[in-house]
There are 2 protein chains.
Amino acid sequence: MAIEHKTRTQLVVEAIREKILSGDIKAGDPLRQAALAEELNVSRIPIREALLQLEGEGLVEFEAHKGATATELSAAQVDEIFELRALLEAELLKHSIHKLTEQDFAEAQALLNELETAAAAGDSYLTTGTLNSRFHAKLYSRAERPHTEELVNMLNKNSERYARMHIMQSGGVDRAPDGHQELLDLCRSGNSSKACAFLQEHIVSAKDDIKALLLKMEAEA
Amino acid sequence: MAIEHKTRTQLVVEAIREKILSGDIKAGDPLRQAALAEELNVSRIPIREALLQLEGEGLVEFEAHKGATATELSAAQVDEIFELRALLEAELLKHSIHKLTEQDFAEAQALLNELETAAAAGDSYLTTGTLNSRFHAKLYSRAERPHTEELVNMLNKNSERYARMHIMQSGGVDRAPDGHQELLDLCRSGNSSKACAFLQEHIVSAKDDIKALLLKMEAEA
DNA sequence: TGATTGCATATCGCATACATTATACTGATC
DNA sequence: GATCAGTATAATGTATGCGATATGCAATCA
């Protein structure tokens with residue numbers, strides 16, 4: 001296994017992304033190149049390049065001569081992003097479900113068990129969030145749809161910070177591991193249309209929770 | 001109207017994008033920073049920043065310490081991209097169709113007439129391609145789904161160069177203005193599900209043509 | 001007093017120069 | 001002749017510094 005040589009720009013990308021997703025940098029905040037450069041002990045070049053990459057991920061907006069800001073999503077936009085996720089993740093599942101092996105199901109089940117344990121133990125978002133992603137990724141793993149997967153990843157990054165906010169707000173409780181179990185069972189049964197419909201439902205209901213939170217915040221502001 | 005001040009990086013982005021879409025730079029070709037810098041009379045910094053933006057658009061792939069290459073799409077990937085387009089454009093149409101005004105229909109019809117005239121006159125891709133995009137964009141214009149629109153734009157950029165190749169190959173003839181007319185009529189009739197289904201069909205059939213071409217090219221290589 | 005112009009400052013955009021990494025080549029060893 | 005180590009070369013990655021742009025404030029004028 002080759003050790004990978006990370007470039008400074010990559011490290012900066014990860015640092016800033018985490019700052020945005022964790023809420024350390026809030027939506028709409030300006031991202032000053034010089035300040036970030038000093039904080040991360042690099043020159044402004046890797047900062048600029050990192051910001052450009054994050055713009056591609058949709059987390060940052062760049063305006064010439066004015067600087068970058070963390071993207072701000074309205075309730076309507078969050079709506080759209082979750083609906084896109086529902087659409088595309090269902091598409092992934094549709095293409096993957098019939099190719100999943102017994103091994104895949106077992107691994108998915110293991111991830112789910114781990115997730116339940118972690119959730120019960122009140123572990124941090126870093127743990128539950130990662131397990132959650134890995135569970136979903138496992139279900140889609142046989143889709144062989146790299147572009148769709150990348151789009152889903154991008155949409156997930158965009159919605160993740162709002163999901164985190166929601167979890168914080170509701171006392172750090174992750175919801176719906178039951179839903180996950182039901183989804184997995186449906187996949188095992190091989191009923192593609194039912195499983196996809198359930199998945200869409202699952203994503204859309206998460207949307208509704210988060211949208212409610214956002215509307216409240218918009219009203220306050 | 002404020003004159004917009006284009007940054008060097010933006011100009012470079014446009015220059016390289018056009019080189020890729022036009023086939024001047026072919027899929028898989030390496031993009032040497034120094035060479036591009038000299039050719040476009042700028043330093044390597046704006047070149048690097050432009051390449052990063054193009055990576056976000058999916059036209060370029062960046063690998064640390066190895067440089068950038070124009071993205072290469074396998075037949076399977078072209079397949080995927082067109083299916084995504086079909087899915088997402090149908091979604092846009094679904095959300096837009098019932099909000100389209102008589103004015104919108106008239107403008108779409110005008111674009112279509114212009115397109116037919118241009119196609120009959122054998123105009124360049126620059127003309128027909130632009131009209132084609134504007135026609136589709138008009139149909140989606142009331143969707144109010146900015147993220148979906150952006151994804152569609154991105155997918156279009158990725159498929160455009162293959163579409164251009166296909167048109168070149170078949171003697172510069174653009175296909176299916178009839179299909180466009182039928183699509184517009186369906187939209188006018190307000191039959192959402194039929195119109196969306198027809199649109200999907202339209203995109204998928206374009207895919208099949210291009211895929212055939214690509215498979216032939218892969219076989220030759 | 002209110003609007004407008006000009007200047008000061010913060011910030012960004014980009015050229016130059018140097019550091020680091022990957023790769024092709026050379027020669028030695030088996 | 002094949003393989004490997006070591007080096008040379010070319011390309012990328014990053015720091016520094018200067019010129020350009022935007023923005024806020026102060027001075028000026030109607």
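These numbers come from the heavy atoms of this one structure, side chains and all, not from hydrogens, waters or symmetry mates. Please read all numbers here as calculations on a predicted model, not as lab measurements. Lettering follows sequence order; numbering is per chain, from 1.
Distance alone, capped at 3.5 Å, is enough to place a donor-acceptor pair between the B:N156 side chain and the B:V152 backbone.
Screening B:T148, B:L199, B:L139 against B:L92 for a side chain to side chain contact (heavy atoms under 4.5 Å, CB included) leaves a single residue, B:T148.
A straight line from CD of B:E55 to P of D:dT12 spans 14 Å, rounded to a whole angstrom. One interatomic measurement links the two molecules: CZ of A:R44 to P of D:dT16, which rounds to 12 Å at whole-angstrom precision. Between the P atom of D:dA11 and the CD atom of B:E38 lies a distance of 12 Å, rounded to the nearest Å.
Of the residues in residues 45-52 of chain B, B:I45, B:P46 come within less than 4.0 Å of DNA chain C through at least one heavy atom, sorted by number. Contact check of residues 26-33 of chain A against DNA chain D (heavy atom, cut-off under 4.0 Å) returns no residues at all. Using a 4.0 Å cutoff on non-hydrogen atoms, the parts of residues 61-68 of chain B near DNA chain C are B:H65, B:K66, ordered by number.
Here A:T9 does not reach the OP1 or OP2 of D:dG13: none of its side-chain N or O atoms lies under 4.0 Å away. For A:T7 and D:dT14, the shortest distance from a side-chain N or O to OP1 or OP2 is below 4.0 Å.
Listed by chain and residue number, nothing satisfies the ring pair (Phe, Tyr, Trp, His ring centres under 6.0 Å) test with B:Y125 (two or more places apart in sequence, or in another chain). When the side-chain contact (heavy atoms from CB on, under 4.5 Å) test is applied to A:E18, the partners found at least two apart in sequence or on another chain are A:S22, A:R164. Shown here are the salt bridge (Lys or Arg N to Asp or Glu O under 4.0 Å) partners of A:R32, two or more places apart in sequence or in another chain: there are none. Among residues two or more places apart in sequence or in another chain, the salt bridge (Lys or Arg N to Asp or Glu O under 4.0 Å) test is passed with A:K19 by A:D24, A:E39. Considering only residues two or more places apart in sequence or on other chains, B:E80 meets the salt bridge (Lys or Arg N to Asp or Glu O under 4.0 Å) condition with none of them. For B:F62, there are no ring pair (Phe, Tyr, Trp, His ring centres under 6.0 Å) partners, not counting sequence neighbours. In this structure B:R161 satisfies the salt bridge (Lys or Arg N to Asp or Glu O under 4.0 Å) test with no other residue, sequence neighbours excluded.
Taking the six-membered ring for Trp and thresholds of 30 and 60 degrees, A:H202 and A:H136 have nearly parallel ring planes, at less than 30 degrees apart.
Sorted by first and then second residue, the pairs that involve residues 99-109 of chain B and meet salt bridge (charged side-chain N to carboxylate O under 4.0 Å, His left out), not counting sequence neighbours, are B:K99-B:E144, B:E102-B:R188, B:D104-B:R142, B:E107-B:K138.
The structure places CZ of B:R134 at 5.0 Å from CG of B:L111, a figure rounded to the nearest 0.5 Å.
Side-chain contact between B:Q77 and B:T71 is absent, with no heavy atoms from C-beta onward closer than 4.5 Å.
Boundaries of the chain A contact region on DNA chain C are C:dT11 to C:dT21, first to last in 5' to 3' order (nucleotide atom under 4.0 Å from a heavy atom).
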